[in-house]
Asker: 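If you scroll down you'll find the structure; I have some questions about it.
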Amino acid sequence: ALCREWQATHLNGVPLLAARLAADSEGAALLRALRGGIVGGAPISAPLAAFLKTTRLQVGYGQTEASPGICLGAPGEWHANYLGNPIGCTTRIDDVGVLHFQGANACIGRWQNGFIPLDPDRWVATGDIVEERPAGLFFRGRVDDAFKMANGRFVYAGFWESKLKEALPDLEDAVLFRRPNDTLVIALTGSGRSVTPNLSSLRSVLGGLGAYLHEVHYIPPEAWHVTPKGSPDRARIAAQTG
């Protein structure tokens with residue numbers, strides 16, 4: 001109603017907002033009628049990407065330290081976990097897969113009991129693990145979401161979650177975490193037929209980690225906990241699984 005009242009032609013928002021609008025018939029029509037806009041701030045699921053391909057909206061990626069952003073996609077170009085292509089800055093990916101950027105879009109300082117200037121030519125580590133493909137950069141998880149197995153192996157949960165979302169096109173989201181006994185647990189959500197708690201198929205996606213997977217929990221979308229941006233709320237989802 002507000003968009004009609006103000007004759008809005010563009011919209012910038014997070015994936016959670018886009019998903020809620022897309023689930024409503026009037027909201028879906030509104031998104032398709034927009035001349036443009038940017039959706040970003042959290043990973044894009046495959047079902048949402050499929051809908052956004054029918055719009056002129058673009059994916060955008062950046063962080064508080066990068067204004068106005070780091071990457072931008074073309075109108076209507078959407079893929080699961082897509083971030084777009086670097087714009088207005090230089091990027092590099094380190095040995096772990098973490099994206100770093102350098103350029104005029106890096107913040108010039110931070111506030112801590114006064115302004116503290118930062119080197120404008122520095123490389124800024126985003127903390128996001130990405131993969132470079134012909135279409136651009138794709139999100140593969142956060143370094144912060146990694147955990148260590150008893151055998152010393154680091155597991156980058158987001159990387160494997162993105163693999164699961166690519167293997168199951170109806171999967172809207174997934175969370176991988178470790179129990180104290182060193183077994184792995186996967187929580188899934190989605191509404192399609194391919195979203196089923198099937199241990200053997202999920203183990204094959206995890207490769208060598210599959211042997212540690214002993215629990216799969218399906219959580220319906222309406223009970224799936226997310227942050228205000230639409231990213232999974234890992235602590236609350238883990239608590240749901242007992």
Side-chain angles (χ1 to χ4, degrees), residues 11-23 31 37-53 55 57-66 69-74 76-86 91 93 96-99 101 125-133 135-147 155-177 186-192 194-195 202 205-206 219 221 224-238:
L11 180 146
N12 294 339
V14 297
L16 183 59
L17 172 63
R20 287 176 173 171
L21 286 170
L31 292 177
I38 298 174
V39 178
I44 305 295
S45 68
L48 181 57
F51 171 82
L52 291 174
K53 285 181 180 179
T55 73
L57 295 170
Q58 300 168 253
V59 67
Y61 164 75
Q63 297 180 320
T64 303
E65 298 84 359
I70 299 172
C71 295
L72 189 67
E77 182 177 5
W78 291 92
H79 315 277
N81 299 310
Y82 187 47
L83 299 178
N85 286 280
T91 60
I93 302 172
V96 179
V98 175
L99 178 68
F101 74 97
T126 64
D128 288 330
I129 300 173
V130 304
E131 178 182 347
E132 188 170 10
R133 302 181 188 174
L137 297 180
F138 286 74
F139 180 75
R140 283 302 200 186
R142 287 282 302 168
V143 171
D144 299 343
D145 297 331
F147 55 84
V155 176
Y156 292 98
F159 173 83
W160 294 106
E161 290 160 3
S162 67
K163 288 280 191 183
L164 289 167
K165 286 188 276 187
E166 290 178 358
L168 299 172
D170 295 321
L171 188 64
E172 293 180 13
D173 222 331
V175 168
L176 173 69
F177 58 94
I186 292 177
L188 307 173
T189 191
S191 54
S194 72
V195 184
L202 296 177
V205 177
L206 295 179
I219 300 174
W224 187 259
H225 293 292
V226 296
T227 67
K229 289 183 177 181
S231 298
D233 189 326
R234 293 177 175 274
R236 296 181 69 186
I237 292 169

Asker: With respect to Ile237, which candidate in Asp173, Val226, Val175 satisfies the side chain to side chain contact (heavy atoms under 4.5 Å, CB included) definition?
Answerer: Val175
Asker: Find the distance between CG (Leu16) and OG1 (Thr227) and round it off to the nearest 0.5 Å.
Answerer: 7.5 Å
Asker: Measuring from atom CG of Asp128 to atom CZ of Phe101, what distance do you get when rounded to the nearest 0.5 angstrom?
Answerer: 10.5 Å
Asker: Taking C-beta and beyond as the side chain, do Tyr61 and Leu99 meet within less than 4.5 Å on heavy atoms?
Answerer: yes
Asker: Any sub-3.5 Å donor-acceptor pair from Gln58's side-chain atoms to Ile38's backbone N or O?
Answerer: no
Asker: Mind listing the closest non-hydrogen atom pair of Ala187 and Trp224 along with its distance?
Answerer: O-CH2, 3.5 Å
Asker: Under 4.5 Å between any side-chain heavy atoms of Tyr82 and Ile44, yes or no?
Answerer: no
Asker: Where do Leu11 and Leu21 land on the side-chain contact (heavy atoms from CB on, under 4.5 Å) test, with the steps shown first?
Answerer: CA-CA 12 Å; Leu11 180 146; Leu21 286 170; 4.3 Å; yes
Asker: Just so I know, are the side chains of Leu202 and Leu188 near enough to count as touching, which here means a heavy-atom distance under 4.5 Å?
Answerer: yes
Asker: Please check: side-chain N/O of Trp78 versus main-chain N/O of Leu57, any donor-acceptor pairing under 3.5 Å?
Answerer: yes
Asker: Please name the pair of heavy atoms, one in Ala49 and one in Ala80, separated by the smallest distance, quoted to 0.1 Å.
Answerer: CB-N, 3.9 Å
Asker: Atom CG of Leu171 and atom CG of Leu164: how far apart are they, to the nearest 0.5 Å?
Answerer: 7.0 Å
Asker: So, do His79 and Phe138 sit near enough that their side-chain heavy atoms are less than 4.5 Å apart?
Answerer: yes
Asker: Do Pro43 and Lys165 have side-chain heavy atoms sitting under 4.5 Å apart?
Answerer: yes
Asker: Minimum heavy-atom separation for Asn81 to Ser162, with atom names?
Answerer: ND2-CB, 3.5 Å
Asker: Search all heavy atoms of Ala42 against all heavy atoms of Pro15 and return the closest pair with its distance.
Answerer: O-CG, 3.4 Å
Asker: Please check: side-chain N/O of Tyr156 versus main-chain N/O of Ile129, any donor-acceptor pairing under 3.5 Å?
Answerer: no
Asker: Working to the nearest 0.5 angstrom, can you tell me the gap between Arg234 CZ and His225 NE2?
Answerer: 14.5 Å
Asker: With side chains defined as the heavy atoms from C-beta onward, is the minimum distance between Ile93 and Leu137 less than 4.5 Å?
Answerer: yes
Asker: Looking at every heavy atom in both Gly84 and Cys71, which two are closest together, and how far apart are they?
Answerer: C-CB, 4.0 Å
Asker: Got a donor-acceptor contact below 3.5 angstrom from the Thr189 side chain to the Glu172 backbone?
Answerer: no
Asker: Please check if the side chain of Asp170 supplies one atom and the backbone of Pro47 the other of a donor-acceptor pair under 3.5 Å.
Answerer: no
Asker: Is there a donor-acceptor contact under 3.5 Å from the side chain of Gln63 to the main chain of Thr126?
Answerer: yes
Asker: Under the criterion salt bridge (Lys or Arg N to Asp or Glu O under 4.0 Å), which of Glu131, Glu132, Glu161 is the partner of Arg140?
Answerer: Glu131
